[in-house]
Trainee: 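This is the structure I have questions about; it appears just below.
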Amino acid sequence: MIRAIYPGSFDPIHNGHVDIIRRASKLFDELTVAVLNNPYKQNKWFDSEERLELIQSVIQDLPNVKAEIFEGLLVNYARDKGVQVILKSLRNVGDFEYEASMAHMNQHMFEGAETSFLLTRPEWSYLSSTRVKEIVSYGVDVSDLLPEASLQALKKKFA
Ligand code: PNS
């Protein structure tokens, strides 16, 4: 029984995230999409409950996937949940450098879970929630980059 967590900010969830979740759901017995709630960083467009709801709307058809909010250190959450795998995605070498240092630090703090990576599909390799929010604020149509729920949530924000 291999349990994995896929942690992130998901502000909001985009097509690159969805693709990783769908592919990972075939690799692990249980996958939890873990949404970081950081009370000290209030620069998010969506609060953690909203981000969780958006994720839940796109995982409805995946019975072995659920979503949860976590706070504090990822390794403490991983330890408490008894997961074997922390799943991250890599778009490019920039991500690799950032993610490798985080994976090493997490390994230093907790040996009980292995960080494992999936490469983002090429068509989503330029996609990030930050970029989407930037172009959306200039009125660009992002309907081909986001799942319907995120799109509607963004439209509501700008209504
Ligand atoms: O989607 P993001 O913002 O790249 O996700 C980053 C996230 C949430 C995975 C990372 O910031 C994290 O694990 N935060 C929890 C705090 C923590 O464990 N920090 C130590 C990292 S070595």
Side-chain angles (χ1 to χ4, degrees), residues 2-25 27-28 30-59 62 65-137 142 145-147 149-151 153-154 157:
I2 307 286
R3 282 187 295 268
I5 49 176
Y6 175 40
S9 302
F10 305 105
D11 185 45
I13 185 166
H14 57 60
N15 286 352
H17 295 132
V18 176
D19 177 54
I20 294 289
I21 293 168
R22 301 197 89 83
R23 287 160 57 202
S25 72
L27 298 175
F28 304 108
E30 257 180 44
L31 176 69
T32 303
V33 184
V35 185
L36 177 65
N37 179 33
N38 185 346
Y40 305 106
K41 273 199 179 169
Q42 299 294 0
N43 60 343
K44 299 287 177 233
W45 276 25
F46 298 98
D47 65 34
S48 52
E49 289 292 340
E50 289 173 310
R51 289 180 270 140
L52 178 73
E53 276 175 29
L54 296 179
I55 295 166
Q56 280 167 339
S57 73
V58 304
I59 59 172
L62 301 172
V65 181
K66 61 182 177 171
E68 282 179 0
I69 292 171
F70 80 102
E71 280 182 12
L73 274 181
L74 179 65
V75 287
N76 290 343
Y77 174 70
R79 189 188 286 112
D80 291 348
K81 282 192 77 69
V83 301
Q84 297 96 324
V85 177
I86 297 169
L87 178 71
K88 295 294 194 77
S89 65
L90 295 175
R91 290 167 298 195
N92 49 47
V93 288
D95 275 358
F96 175 77
E97 288 188 3
Y98 175 75
E99 292 294 346
S101 73
M102 210 150 38
H104 285 139
M105 186 58 86
N106 283 335
Q107 191 173 45
H108 170 76
M109 293 186 285
F110 177 51
E111 293 264 0
E114 287 291 343
T115 301
S116 180
F117 298 96
L118 275 181
L119 271 187
T120 301
R121 272 183 210 282
E123 61 263 43
W124 305 127
S125 61
Y126 59 91
L127 186 54
S128 71
S129 300
T130 306
R131 256 323 150 252
V132 168
K133 287 182 284 188
E134 184 181 355
I135 65 173
V136 125
S137 66
V142 291
L145 303 177
L146 298 178
S150 297
L151 203 58
L154 276 177
K157 274 228 175 290

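Each residue takes its place number in the sequence, starting with 1. Order of listing sets the numbers, starting from 1, for every ligand and every atom in it.
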Trainee: In terms of the angle between their ring planes, are His14 and His17 parallel, tilted or perpendicular, with boundaries placed at 30° and 60°?
Mentor: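 If you compare the ring of His14 with that of His17, the planes turn out parallel.
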Trainee: Quick check: closest heavy atoms across Phe46 and Lys157, and the distance to 0.1 Å?
Mentor: CE2-CE, 3.7 Å
Trainee: Determine which pairs satisfy salt bridge (Lys or Arg N to Asp or Glu O under 4.0 Å) with at least one residue from residues 90-109, sequence neighbours left out, and list them in order.
Mentor: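 Matches after skipping sequence neighbours: Lys88-Glu99, Arg91-Asp95.
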Trainee: Measure from every N or O atom of ligand 1 to the protein's N or O atoms and keep only the pairs below 3.5 Å, writing each with atom names and distance to 0.1 Å.
Mentor:
from	atom 1	to	atom 2	distance (Å)
ligand 1	1 (O)	Ser9	N	2.9
ligand 1	3 (O)	Ser9	OG	2.6
ligand 1	18 (O)	Leu74	N	2.8

Trainee: So that I can tick it off, tell me whether Glu68 and Lys81 are bridged by a salt bridge, with the cut-off set at under 4.0 angstrom between side-chain N and carboxylate O.
Mentor: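 Between Glu68 and Lys81 there is a salt bridge, with a charged N closer than 4.0 Å to a carboxylate O.
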Trainee: Honestly, is Arg51 close enough over Phe10, meaning NZ or CZ under 6.0 Å from the six-membered ring centre and within 45° of the axis?
Mentor: no
Trainee: Do Trp124 and Leu145 have side-chain heavy atoms sitting under 4.5 Å apart?
Mentor: yes
